[in-house]
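This report refers to the structure that appears directly beneath it.
Predicted, not measured: the structure shown is a model, and the values here were computed from it. Residue numbers begin at 1 in each chain, while the letters A, B, ... track the order of the sequences.
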Amino acid sequence: TVGAVAIDKDGNLAAATTTGGMTAKAAGRVGDSPLIGAATYAENGVCAVSATGHGEYFIRVGVAKTICDRVKLAGETIEQASETALGEVAELGGDGGVIVIGADGTFAFVFNSEGMYRGVVDPSGARTAIYGDD
Amino acid sequence: MPEWRLVIHGGAGVITRDGMSPEMEAAYTAALETALEAGADVLRSGGSALDAVEAAVIPMEDDPLFNAGYGAVMTASQEHELDASIMDGRERNAGAVAGVKRVRNPVKAARAVMERSEHVMFSGDGADTFAEGQGLDMVDNSYFYTERRQNALERVLKNRQRTAEDRHG
């Protein structure tokens, strides 16, 4: 899976996620990538999320929408909301991660897998990371 | 608050220093930087967040290092089935495609569903047909083939067992 979230000069948020899955997956198996609310969600004034991981668990938790709702309704930070949602994924037996941008432009990488290919860029420059302890 | 910002991921999983050569690490880093720059170029020039996320995803769909588009994992039926979704936070408009086999860049198809139909998701042959009708680049399913993914498929089918490394987000 790959994905991106962004905030533009006007404060608009957007998210995109594409493909993913496991080798030799059953034909017709659909993971979380195309499911709005599981892997992808964006709402101005709240946050934008793209997820990657064991899709069935992300679908069952509704990870992306859960994160945005916890930010919107419970007033949690994007990190708190992401950790809660991924905690639910872990409780069910899944792993993976999310990238999130908040309405104020703050961002978070949150994952419970060993690593996640990831990066961020803004006017101050670009940074990338791969491993969990990067 | 930053003037603009873009964040990307290229998948999560069993990614450790022990399992990564310096050459592979450099290749992934370069690919991530390419994707970041593609999206940053949009935002730097005043473009929308929506255009930026699409621009950032396309290079990763075109790079066989990632499990998306060209180089995506194969199904047990030895085909490639691709999915994508996109969402615009302004009006919570969204589009998605599932199980497409001929759209070169599924994220473009997802955006076409969002902007050029009254629907949110198309799947299977209907999604391919819709994308073709919208003038998107179409390819034979074999376009997505890479030797690396073929070898992984053969190993899994032979052993009838997936390792953690066979899950790619």
Side-chain angles (χ1 to χ4, degrees), chain A residues 1-9 12-31 33-36 39-44 48 50 52-54 95-97 99 101 104-105 107 109 111 113-124 126 128 130-131, chain B residues 1-17 28-29 32-33 36 39-40 43 46 48-50 52-54 56-57 60-61 66-68 72-73 75-77 82-90 92 94 96-98 106-107 121 152-153 156-157 162 166-169:
Chain A
T1 312
V2 307
V5 294
I7 185 167
D8 62 30
K9 287 181 177 177
N12 298 312
L13 296 166
T17 310
T18 182
T19 306
M22 60 194 84
T23 303
K25 62 187 176 185
R29 176 264 190 185
V30 176
S33 295
L35 298 186
I36 301 299
T40 304
Y41 203 79
E43 181 177 353
N44 272 16
S50 175
T52 173
H54 201 158
D95 61 30
I99 54 173
I101 283 187
D104 61 355
F107 71 99
F109 301 110
F111 53 99
S113 52
E114 282 84 347
M116 181 167 76
Y117 301 107
R118 58 201 189 274
V120 56
V121 62
D122 56 34
S124 70
T128 62
I130 295 176
Y131 310 109
Chain B
M1 178 172 173
E3 193 176 357
W4 52 264
R5 178 169 279 156
L6 171 78
V7 182
I8 63 170
H9 70 79
V14 183
I15 307 166
T16 62
R17 286 186 170 81
Y28 274 108
T29 299
L32 291 170
E33 289 172 346
L36 286 172
L43 294 168
S48 71
L50 185 66
V53 295
E54 181 184 21
V57 163
M60 293 192 281
E61 285 187 335
F66 301 107
N67 181 24
V73 297
T75 69
S77 301
L82 311 168
D83 313 310
S85 61
I86 193 165
M87 188 161 183
D88 185 343
R90 287 174 289 196
R92 283 192 276 177
V97 293
V107 70
M121 179 185 281
L153 176 66
V156 171
L157 293 179
R162 282 191 198 97
D166 293 312
R167 291 198 291 111
H168 307 276

Is a side-chain donor or acceptor of [X] paired with a backbone partner of [Y] at a separation under 3.5 angstrom?
X        : Y         : result
Arg5(B)  : Asp122(A) : no
Thr17(A) : Ala84(B)  : no
Asn67(B) : Gly21(A)  : yes
Ser85(B) : Ser33(A)  : yes

Going from CG on Asp8(A) to CZ on Arg90(B), what distance comes out if it is rounded to the nearest 0.5 angstrom?
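It is 7.0 Å, given to the nearest 0.5 Å.
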Among [options], which has the most heavy-atom pairs under 4.5 Å with chain A?
options                                : answer
Ala94(B), Ala96(B), Ala49(B)           : Ala49(B)
Ala72(B), Ala56(B), Ser48(B), Ala52(B) : Ser48(B)
Glu61(B), Glu54(B), Glu33(B)           : Glu61(B)
Leu43(B), Leu50(B), Thr29(B)           : Leu43(B)

Could you walk me through whether Thr18(A) and Asp83(B) pass the side chain to side chain contact (heavy atoms under 4.5 Å, CB included) check?
CA-CA 6 Å; Thr18(A) 182; Asp83(B) 313 310; over 6 Å; no
Determine whether the side chains of Thr16(B) and Glu114(A) contain a donor N or O and an acceptor N or O closer than 3.5 Å.
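Not at all, the side chains of Thr16(B) and Glu114(A) share no donor-acceptor pair under 3.5 Å.
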In sequence, state the C-alpha distance, the side-chain angles, and the governing distance for Arg118(A) and Val7(B), and then conclude on side chain to side chain contact (heavy atoms under 4.5 Å, CB included).
CA-CA 8 Å; Arg118(A) 58 201 189 274; Val7(B) 182; over 6 Å; no
Test side chain to side chain contact (heavy atoms under 4.5 Å, CB included) applied to Phe107(A) and Leu6(B), step by step
CA-CA 9 Å; Phe107(A) 71 99; Leu6(B) 171 78; over 6 Å; no
Could you pull out the closest heavy-atom pair between [X] and [Y], with the gap in Å?
X         : Y        : value
Ala16(A)  : Ile86(B) : CB-CG1, 3.9 Å
Gly11(B)  : Thr52(A) : CA-OG1, 3.4 Å
Ala42(A)  : Arg92(B) : O-CG, 3.6 Å
Pro106(B) : Thr19(A) : CG-OG1, 4.4 Å

Hey, what's the ring geometry for Tyr117(A) with Phe66(B), parallel, tilted or perpendicular (30° and 60° as the breaks)?
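Correct class here is perpendicular.
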Output the option from Gly119(A), Ser113(A), Gly105(A) having the highest count of non-hydrogen pairs under 4.5 Å with chain B.
Gly119(A)
Side chain proximity check, Thr1(A) to His9(B), heavy atoms < 4.5 angstrom
yes
